[in-house]
Amino acid sequence: MSSRFDPWCAVATVLAILALAFPVAGGEAPLLWWGAPAAAGGLAIFLLTVLHFAWRRPTGAGHNIILLAAVAVGCASALGLVHGGGAGGHTTFGFWLFVFGLWAATWRGLDGLAGVRSFDAGRQRLIDLSVPVLFGLWLVFLLEVGTVGFGVPQVLLPAPSMIGARLAGSLDILAADFQQTFLKAVLIGYAIGCGTGFMVAVLVDRVPFLQRGLLPLGNLVSALPIVGMAPIMVMWFGFDWPSKAAVVVIMTFFPMLVNTVTGLTAAGAMERELMRSYAAGYWQTLFKLRLPAALPFVFNALKINSTLALIGAIVAEFFGTPIVGMGFRISTEVGRMNVDMVWAEIVMAAIAGSAFYGVMALTERTFTFWHPSYRERR
Amino acid sequence: MTAVPVPPVSLATPAPAPESRRRVVDTRGLSLTFQTADGPVYALSDVDIAIEQGEFVSFIGPSGCGKTTLLRVIADLEQPTGGDIQVNGVSPREARLGRAYGYVFQAAGLYPWRTIERNVALPLEIMGVPATERRERVRQHLDLVGLGGFEKKFPWQLSGGMQQRASIARALCFDPELLLMDEPFGALDEIVRDHLNEQLLRLWDKTGKTVVFVTHSIPEAVFLSTKIVVMSPRPGKIIDVIPTDFDRDRTLDIRETPGFLEVAHRVRQGLRAGHSYDD
């Protein structure tokens, strides 16, 4: 057990002590720390913990978890102060010095946790997962104390708690929007766009003149602005989800086409000659060599398209839609100044988009485990 | 095709060959010229060579002497621009379509998404061999190259020497008559190379295949071959054909014997005569 000085915890200690010397909130009746005994208790627990770790740098998962737990207690008391603790809207030095102290300790704790190496794969996975989750929670905390502590008008930036409350309160609307935009327009458009892109790529690869003639034209179409295409698609396919799916098809087709065409050339000359030496036919070579070799490229397109598709569907809904859908909700609620609802939709879009991307990335890993970029993990 | 018993042209083979030995490779005046932007490159010029069943023939020469090109013409991976060539009595293309040869490249060229077992099974899958027989043949040939127990590994989990052994198993598993090897051990270190040379010799002895082997290592060529073809560059042509008569069960120890050194000396002389040592 080394007992080394730790600058991050030392900074946190100094900031927490300084925080005690200043009032928490200004305004007509300044709030001092002893006016908020519960918050002061949280501060004291945090202060003692960082003081301890300032002299004994936290090592291993256990110490860092204790440190982060103390940070959580500190965060809870800060939240208590701005919500109903009387500090909301007019926080001052005492409060912010405390938040900066929490920041320093979070930095140390997450840095320490990220460096932990465990031989137990499950444990390692848990640690690897906890770092981004905890860091995300920390950012949400900063946003919350920032918006509530400074009293930011909710039209400009609603507090995360408000967005959360709106999310929880309008699950039925959000579910309907999700179904309309994501489950219909995005998924169907994505499947058609990627599927045809892939099949046309195989065809283009087979026919040399298409490779010379169609690909430049394809680039032209892929450069078409989506805001120009969306109203035309609405005219062609009507107001409901098929026109949005059509926009998604246009957006996803060419990344898949171009990537697959490139991927089909990825198999090396020697591997092809090997197939030739076995007198393998076109389809045998395609299925046993060229498509497997093209998989990393195909998955690249699938990942790019997973986020493109969502953007396309949401933007397309700005140009005429039935009264349901994520894009429709965003454009109408922003007009009614219901910014918290807009943010709730944005949060849902972000979660759906990352989950979609994540599923694609995981699938990629199971299919292209052999690729040099994934090998060392096995 | 030609049943006329023409004696081998320009070959200094003393031919103690049993009368009924079949010609596996037979070329007459074979030449190949690549047209490039900088003018024609004469890769092969007037090459006459006959390789009989069961022989182990090495092509040796400096880079650019056309030894690999010659091997590729035999494999129908390159088209000659002049002369005649027959493989198994038919054109190289027909021989290829008849799966007459297994080709071992300089690198193993195993498919990284297939296990060793499935890599070796690849030609069998393409040729439509049923699964049970496939499994049996793969097991047999992995044992033959000493890779039993590595079936489920992926190529990138094995050393370079083991990968190359797997590629030899892959070339042999569909039982072609002819094994074409293009500097198969060129990328390996000397110790591994010696070891694999001995193993390859045992394999050749055991299977009775005809082997055509491209190398630029004199000891390798002398140790392995029953016949060494010395080639020279610009244009690629045959300088000398040297028969050897070492015991079939020789070991690496023969490399210190006078007989071995004599043959090596003759190879070196041939290379010198072909200006291989010129700057």
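Just so it is clear, the model here is predicted, and its values are computed rather than measured. Below, chains carry the letters A, B, ... as their sequence lines are ordered, and counting in each starts from 1.
For A:K184, the NZ atom is densely surrounded, since the number of other residues' heavy atoms within 6.0 Å is greater than 12. Open room surrounds CD on B:E190; 12 or fewer heavy atoms of other groups in view lie less than 6.0 Å from it.
For residues 281-305 of chain A, the interface with chain B (any heavy-atom pair closer than 4.5 Å) comprises A:Q284, A:K288, A:L289, A:P292, A:A293, sorted by residue number.
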Next item on the list: Determine, stepwise, if the pair B:W113 / A:F367 fulfils side chain to side chain contact (heavy atoms under 4.5 Å, CB included).
Entry: CA-CA 9 Å; B:W113 51 86; A:F367 278 100; over 6 Å; no

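Rounding to the nearest 0.5 Å gives a distance of 10.5 Å between CH2 of B:W156 and CH2 of A:W370. Annotation: the span from B:L110 atom CG to A:E271 atom CD amounts to 9.0 Å, rounded to 0.5 Å.
The main-chain N or O of A:Y278 is found under 3.5 Å from a side-chain atom of B:R99 such that the two form a donor-acceptor pair.
Put simply, of B:G109, B:P123, B:A171, the one with the most heavy-atom pairs under 4.5 Å next to chain A is B:P123. Put simply, of A:A267, A:S277, A:A280, the one with the most heavy-atom pairs under 4.5 Å next to chain B is A:S277.
For the residue pair A:R276 and B:R96, the shortest heavy atom distance occurs at O-NH1, 3.0 Å.
Contacts of B:A100 with chain A are absent, with no heavy-atom separation under 4.5 Å from either backbone or side chain.
At a threshold of 4.5 Å between non-hydrogen side-chain atoms, the residues A:E273 and B:Y103 do not count as touching.
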